[in-house]
Structure formats: structure tokens, C-alpha cells
Peer 1: 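Just dropping this structure here.
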Amino acid sequence: MNRIKINRLLRSKIPMNQVLVNGWVRTRRDSKGFSFIEVNDGSCLKNIQIIAASNLPNYDEIQRLTTGSAVSISGSLVPSQGKGQSWEITAARILVIGQAPETFPLQKKRHSDEYLRTIAHLRPRTNKYGAVFRIRSELSYAIHTFFRDRGFRYIHSPIITGSDCEGAGEMFRVTTLDIKNPALKDRGLDASQDFFGKEVSLTVSGQLSAEMFALALGDVYTFGPTFRAENSNTRRHAAEFWMIEPEMTFCDLSENMNLGEELIRYLISHVLRECREDMELFGNFVDKTLMETLNHILSSDFVRLPYAEAVEILKTSKVSFDYPVTYGIDLQSEHEKYLTETHFKKPVILHDYPKTIKPFYMRLNADQQTVAAMDILVPGIGEIVGGSQREERLNVLEARMGEMGLLKENYWWYLDSRRYGSAPHSGFGMGFERLIMMITGITNIRDVIPFPRTPGNIDF
RNA sequence: UCCCCAGUAGCUCAGUAGGUAGAGCAAGUGGCUGUUAACCACUUUGUCCGCGGUUCGAGUCCGUGCUGGGGAGCCA
């Protein structure tokens, strides 16, 4: 007898004999002459109801089944006599595969997200977290589909990197030196004795690699884990997270923004279509305004606003900000919040920032003061995408590096790309977890990644 | 790293002006029932986060540490 997953059984149009269901008991109720068992196998949000008649040979054992136990049921799929479900299974045989003692931490009631974080190894067995991780999986698939349909190639950029100059923030050092007795030199680790013969770290971005491949394969993207050793303690930051980084040659900032906007819309509509049931859970129990918000994002164009105009809007807003706004500052969370949640009430793409607050690789505009940068800000999350048109002119790039005190020697291969057949190109990074937060309405990044890594927390 | 808040039964929480601890759910027993977060009755459960202090007496006040949450910064 072949096992059939519950999502298929519940979609059945006809009764079926001889079906086999494997899963975990969510709850059990006794009635006169039989027991109702609700089983979930992770294939969908819904459980299937099993009717276990008291004449089953192991009925005593069945009555002791507790929430969390693994079971294997064979029987027939029949129309339900009760309300609340269209199909149920009349069990011919029930095998207890793995009993869960009463110490099983998940009860058939709501638990707080904080508590569930302390049992991150068991939380995917709840409705909400099962739904989050099915959606996460579906989104990953959709990302590949989106890019593949548009002729992009998927690049596996390295996780271990020797460029300590990837730009974005503190990095995790990788070493095979004996920590208790390391090779030392000049009062520090002797990196020349280390595995790679130099200091290496976990990547903070695949961008530099992606640029090289964009200048060969045209349109490429990376989708992989990223590591930041920042001591960030917020609901939006994790030390290990996933990022999607497309990079396109012969593409300017405006086309870059188009792609970012198109990608976000595509992913939302994909999930609304393919994960309807799971999404309803979030709309009903996590954020009552979720569907409205997502439909609004689908139906209206994102605002495109030059940094200078954003500053003007903020200055004339009559809102007293903790951080006063002047041209040249990096916008604070409260400013971004005001723009997306109060002023425009929709996603905003800010672009053309002052060069002084952006990295060296962003393309210098004709005004010599701003760079072709763009950030996509969404209500509730803040920055979800950060990108730019890259500086493709060797002399300008070298001058910018000089201004910022970066050594050309460390970037020799990066600069080579501008030396040999350089071409305009653009790209961005999108935080995968932040995207999931936006789509599910979940407000803490620790609840959309299987085993979150944050400062001082790596228990699982 | 900084600011604010919280930490009471397995879980969610209440605990009034400091007088020595309670509810719901879970678990156990019995009953009822094509039930569906089933229902009804009864029963069990606590170093009130740790340490120190004030007090005749501290879950309640003070100090300190730890843990968790929210906000800020850094950013995706």
C-alpha cells in the first residue's frame, strides 16, 4: 500500500480504499465506540481526521495516544459524517510508530513565539511554523523560477572569502589554527600559517563575485547564506541570513529598480496563489491587515523618490523627529517609517544618495555628488532591498577608492573587470528573511528562519 | 553596545496598600458524546529567575547578575 500525503487526500474527488497515512497526532477525542484522531504530516496546514473504532485490536494503545505521537494508519478515505471536514479515514489498522510522552512541550493550544523559540527544534510541528516554512520553501522555488524565466544564470558565490573588503560590516573569521596554541606573529595570529595562508572570513555578500559573472554570462543571481558579525539586537537582524543578489550587465539604475519591484510583486502573487491556505492563517491570526497590505503592494506602483526630494518631504513634514533631517545624513529608521507608513503608505524606492554615505563601488552621477544607489523600503520592515548601478569606469572607480582610503592592490581582480571590456551593470541584494516577514506579517526575523543565529544565541 | 519593559505551576497569565500563591489549559480519574482548541465533575503540580539587602515578615520594596522582549545604532 502506497503512502499518500494528506494534502493529496484532502483534495480527492472520490472515496479511496486502501490508503496509508503517516504522520503525527495533533489531538485525539474519544467518543462512544470510537476515537477521533487528528493527524498532520506536514504536507499542508490541515489535519486529517481518523476514525478508530473500538474493535481495533490495539484500541487500548490507541486511547493512550498523545499529542505529538507518530502513527501509521491504513484504511479507507470516506466522506465525513461530521461537520468541519469533507473527508476522513476509517482506520483498518493503526500502528504506533513513536509515542510522545506527556512531557511533549507542544500542547494543543496557542504558545507564545518567545516560548517556541526556546524549542526551535519542535516548533515546525505547530500550524504557524509549519506554514512559515512551507512558504519559505515555496518562495525559494519561486525565486529560481523568476530568474530562470528571464534568462538569468544561478551563480554559487563562495562562502569563505579572502577579501576582507567586501564592505558591509563585521565579518566572522575562519581559521584552522589551534585556538589554544595558535601560531603568532607581531602580537597577533600568524595568518600565513593558517589554512589559506591569509586571513579569511565568511562572506557578507556575493556581489563582487556576481559582478564578475554578470560581465561574462550577462544576467546572473546568487541566492545563499550570508554572515554578519555585527552585534545587532533587533527583530530585523540575524548573524546568518539568506540573500538574493541579481546582477545584470548592460543595465542601468532605472532597469535595476524595475527588476526589484517586479521580483517583489512576482513573489507575493506566487505565494498568494500557491500557498493560499497557509497564507490565510497569517491573514487571520498574525496580521488582520495582511491581505489588504499585500494586495495594495500588488496593485500600486512603488514610489520612486530621489534622496534629495525625500529630505525635503521630511523637512516639511511637521513631524518632530528624534534625529533632525538635513541633506547628507543617512536616513534613520524613523524617517524611513514616516515615508513608507505615513506619507506614501506603500513601498518607496529611494535613489541617488549622496556619495558620502554609500560604498565605493556605486556609480558616480553626473552631478559628481550623488551615486546611482537605490533602496527599496516597505512598510513594517524598512529596507528590504539595497542596490546600485556599479561604477564601471576604471579611473572613476580608482579615484573613489582613493578617497575612501582603500588599497587598489586588494581589489586587483575586481579592477581587472573594469580594465578588460568593462560595461555598465547593476544589481541589488534582497534580504530573504525580510521578504518572508513582509509576506507573512511575522514581525521577528527569528521566526522565519529555521534555527536563528543572533548574538549569544546558537542553541540549535 | 545604549535606552525601556518583563521573568509567578508543563503552557498562558492573575496576584490588590509588603502578611507567607490562584485561574484557564495540559496531565490523572470518572461520566457523556459523530467529536472537532469537545464537554461536565473531581485530583495532582510551585527553590514566585539567581544572589544580596531593608523588614517581625518580601512574589510584592532596594541593589546586583542572568535570561527574554521592544526601541535605537549597524544593515539585508
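What you see below is based on every heavy atom in this structure, not just the backbone, and it leaves out hydrogens, waters and symmetry mates. Here is the naming used below: chain letters follow the sequence lines, and residue numbers restart at 1 for every chain.
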Peer 1: Using a 4.0 Å heavy-atom cut-off, write out nucleotides 28-35 of chain B from 5' to 3' as B (base contacted by protein), S (sugar-phosphate only) or - (no contact).
Peer 2: -----BBB

Peer 1: Between the side chains of Arg265(A) and Asp301(A), is the shortest nitrogen-to-carboxylate-oxygen separation below 4.0 Å, so that they form an ion pair?
Peer 2: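 A salt bridge is present here (some side-chain N lies under 4.0 Å from a carboxylate O).
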
Peer 1: Could you identify the nucleotide paired to U67(B), looking across every strand shown and requiring Watson-Crick or G-U wobble geometry with both distances under 3.5 Å?
Peer 2: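 Across any shown strand, U67(B) pairs with A6(B).
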
Peer 1: For a quick check of understanding: with a heavy-atom distance under 4.0 Å over all strands, which category does Phe428(A) fall into, base, sugar-phosphate or nothing?
Peer 2: nothing

Peer 1: Return the value, rounded to whole Å, for the distance between atom CD of Glu336(A) and atom P of A76(B).
Peer 2: 11 Å

Peer 1: Any sub-3.5 Å donor-acceptor pair from Glu261(A)'s side-chain atoms to Phe302(A)'s backbone N or O?
Peer 2: yes

Peer 1: Report yes or no: is the cationic atom of Arg150(A) (NZ for Lys, CZ for Arg) closer than 6.0 Å to the six-membered ring centre of Tyr266(A), at no more than 45° off its axis?
Peer 2: yes

Peer 1: Could you check whether the rings of Phe152(A) and Phe147(A) sit parallel, tilted or perpendicular, using 30° and 60° as the cut-offs?
Peer 2: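 Answer is tilted, since the angle falls between 30° and 60°.
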
Peer 1: Assign a letter to each nucleotide of nucleotides 5-12 of chain B from its 5' end: B, base within under 4.0 Å of a protein heavy atom; S, sugar-phosphate only; -, no contact.
Peer 2: -----BBS

Peer 1: Could I get the full list of side chain to side chain contact (heavy atoms under 4.5 Å, CB included) partners for His144(A), not counting sequence neighbours?
Peer 2: Tyr154(A), Tyr221(A), Phe223(A)

Peer 1: For U1(B), which nucleotide is its Watson-Crick or G-U wobble mate, given both distances must be under 3.5 Å?
Peer 2: A72(B)

Peer 1: Verify the ring-centre separation between Tyr327(A) and Tyr307(A): is it less than 6.0 angstrom?
Peer 2: yes

Peer 1: Strictly by modelled atom types, are Thr226(A) and Arg228(A) linked by a side-chain donor-acceptor pair under 3.5 Å?
Peer 2: no

Peer 1: Does G70(B) have OP1 or OP2 under 4.0 Å away from a side-chain N or O of Asn444(A)?
Peer 2: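 So the side-chain polar atoms of Asn444(A) do come within 4.0 Å of the phosphate oxygens OP1 or OP2 of G70(B), strictly under.
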
Peer 1: Could you state the CD1-P distance from Ile357(A) to C75(B), rounded to the nearest angstrom?
Peer 2: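 Whole-Å distance recorded here is 10 Å.
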
Peer 1: State which residues pass side chain to side chain contact (heavy atoms under 4.5 Å, CB included) with Arg64(A); sequence neighbours excluded, sorted by chain then number.
Peer 2: Asp60(A), Glu61(A)

Peer 1: Roughly, in whole Å, what's the span from CD1 in Ile442(A) to P in G70(B)?
Peer 2: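 In whole Å, G70(B) P lies 13 Å from Ile442(A) CD1.
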
Peer 1: NZ of Lys337(A) versus P of C75(B): gap in Å, rounded?
Peer 2: 18 Å

Peer 1: Sort me out a list of protein N/O and nucleotides 44-48 of chain B N/O pairs below 3.5 Å, or just none if empty.
Peer 2:
none

Peer 1: Between Glu336(A) and Gln332(A), is there a side-chain donor-acceptor contact under 3.5 Å, judged purely by atom types and distance?
Peer 2: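 No pair is found: no donor N or O on one side chain lies under 3.5 Å from an acceptor on the other.
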
Peer 1: Sticking with atom C1', work out how far A23(B) lies from G65(B), rounded to a whole angstrom.
Peer 2: 32 Å

Peer 1: In terms of the nearest nucleotide of RNA chain B, which residue is placed more toward the 5' end: Asn457(A) or Ile376(A)?
Peer 2: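 Here Asn457(A) is the residue nearer the 5' end.
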
Peer 1: Taking A58(B) as the reference, what is the distance to A17(B) when you measure between their C1' atoms (whole Å, please)?
Peer 2: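 Between the two C1' atoms, the distance is 14 Å.
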
Peer 1: Can you measure from CG (Leu350(A)) to CE (Met257(A)) and round to the nearest 0.5 angstrom?
Peer 2: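 Output value for this atom pair is 10.0 Å.
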
Peer 1: Can you tell me how far C1' of A76(B) sits from CZ of Arg136(A), to the nearest Å?
Peer 2: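 The distance from CZ of Arg136(A) to C1' of A76(B) comes to 13 Å, rounded to the nearest Å.
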
Peer 1: Going by the rule side chain to side chain contact (heavy atoms under 4.5 Å, CB included), which residues pair with Thr440(A) if we only count those two or more places apart in sequence or in a different chain?
Peer 2: Ile135(A), Phe282(A), Ile436(A), Ile442(A), Val448(A)

Peer 1: Side chains of Asp113(A) and Asn444(A): any donor to acceptor distance under 3.5 Å?
Peer 2: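 Not at all, the side chains of Asn444(A) and Asp113(A) share no donor-acceptor pair under 3.5 Å.
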
Peer 1: Tell me what Arg446(A) touches on the nucleic acid: a base, only sugar-phosphate, or nothing, going by heavy atoms under 4.0 Å.
Peer 2: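 The answer is sugar-phosphate, as Arg446(A) gets under 4.0 Å only of primed atoms, P, OP1 or OP2.
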
Peer 1: So, using side chain to side chain contact (heavy atoms under 4.5 Å, CB included) as the criterion, who are the partners of Ile313(A) when residues are at least two apart?
Peer 2: Leu305(A), Tyr338(A), Leu339(A), His343(A), Phe344(A)

Peer 1: When the distance from CZ of Phe227(A) to P of A76(B) is rounded to whole Å, what number comes out?
Peer 2: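 From Phe227(A) CZ to A76(B) P: 16 Å.
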
Peer 1: Going by atom types only, do Ser35(A) and Arg29(A) share a side-chain donor-acceptor pair under 3.5 Å?
Peer 2: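 Ser35(A) vs Arg29(A): no donor-acceptor pair found between side chains.
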
Peer 1: Using a 4.0 Å cut-off on heavy atoms, which residues in residues 11-24 of chain A reach RNA chain B? List them by number, or say none.
Peer 2: none

Peer 1: Thr27(A): which residues meet the side chain to side chain donor-acceptor pair (under 3.5 Å) condition with it, sequence neighbours left out?
Peer 2: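 Applying side chain to side chain donor-acceptor pair (under 3.5 Å) to Thr27(A) gives Lys108(A).
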
Peer 1: Figure out the CG/C1' separation between Asn47(A) and A37(B), and round it to whole Å.
Peer 2: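 Interatomic distance, CG of Asn47(A) to C1' of A37(B): 11 Å.
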
Peer 1: Distance check, C1' atoms only: G57(B) and G18(B), in whole angstrom units.
Peer 2: 8 Å

Peer 1: Can you check the distance between C25(B) and A41(B), where both ends of the measurement are the P atom (answer in whole Å)?
Peer 2: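 Their P atoms lie roughly 9 Å apart.
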
Peer 1: Which nucleotide, in any strand shown, forms a Watson-Crick or G-U wobble pair with G19(B), with both distances under 3.5 Å?
Peer 2: C56(B)

Peer 1: Does a side-chain N-to-carboxylate-O contact under 4.0 Å join Lys128(A) and Asp447(A)?
Peer 2: no

Peer 1: In whole angstrom, give me the gap between the C1' atoms of A9(B) and G46(B).
Peer 2: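 Straight-line distance between the two C1' atoms is 5 Å.
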
Peer 1: Could you tell me how far U55(B) sits from U44(B) if I compare only their P atoms? Round to whole Å.
Peer 2: 39 Å

Peer 1: Could I get the full list of salt bridge (Lys or Arg N to Asp or Glu O under 4.0 Å) partners for Lys358(A), not counting sequence neighbours?
Peer 2: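 Salt bridge (Lys or Arg N to Asp or Glu O under 4.0 Å) check on Lys358(A) returns Asp375(A).
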
Peer 1: For RNA chain B, determine which residues of residues 231-243 of chain A have any heavy atom closer than 4.0 angstrom to one of its atoms, and list them numerically.
Peer 2: Asn231(A), Ser232(A), Asn233(A), Thr234(A), Arg235(A), Arg236(A), His237(A), Ala238(A), Phe241(A), Met243(A)

Peer 1: Please state the C1' separation for the pair A38(B) and U45(B) - nearest whole angstrom.
Peer 2: 25 Å

Peer 1: Identify whether any heavy atom of Ile445(A) sits under 4.0 Å from a base atom; if not, whether one sits that close to sugar-phosphate; answer base, sugar-phosphate or nothing.
Peer 2: base

Peer 1: Between Arg26(A) (CZ) and A38(B) (C1'), how many Å, whole number?
Peer 2: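 These atoms are roughly 18 Å apart.
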
Peer 1: Strictly by Watson-Crick or wobble contacts shorter than 3.5 Å, is anything paired with U35(B), and which nucleotide is it?
Peer 2: none

Peer 1: For atom C1', what is the distance between G22(B) and U16(B), given to the nearest Å?
Peer 2: 13 Å

Peer 1: Supply the atom-to-atom distance Ile384(A) CD1 to Phe428(A) CZ, rounded to the nearest 0.5 angstrom.
Peer 2: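 Going from the CD1 atom of Ile384(A) to the CZ atom of Phe428(A) covers 10.5 Å.
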
Peer 1: What nucleic acid atoms does Gly84(A) come within less than 4.0 Å of, heavy atoms only: base, sugar-phosphate, or nothing?
Peer 2: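 Base: the residue Gly84(A), judged by heavy atoms under 4.0 Å, touches a nucleobase.
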
Peer 1: Name all pairs fulfilling the side-chain hydrogen bond (donor to acceptor under 3.5 Å, both in side chains) condition that reach into residues 130-139 of chain A, sequence neighbours left out, sorted by first residue then second.
Peer 2: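 Listed once each, the pairs are Arg134(A)-Asp278(A), Arg136(A)-Glu433(A), Glu138(A)-His270(A).
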
Peer 1: What does G24(B) pair with, Watson-Crick or G-U, if both distances are under 3.5 Å?
Peer 2: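 G24(B) is paired, partner C11(B).
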
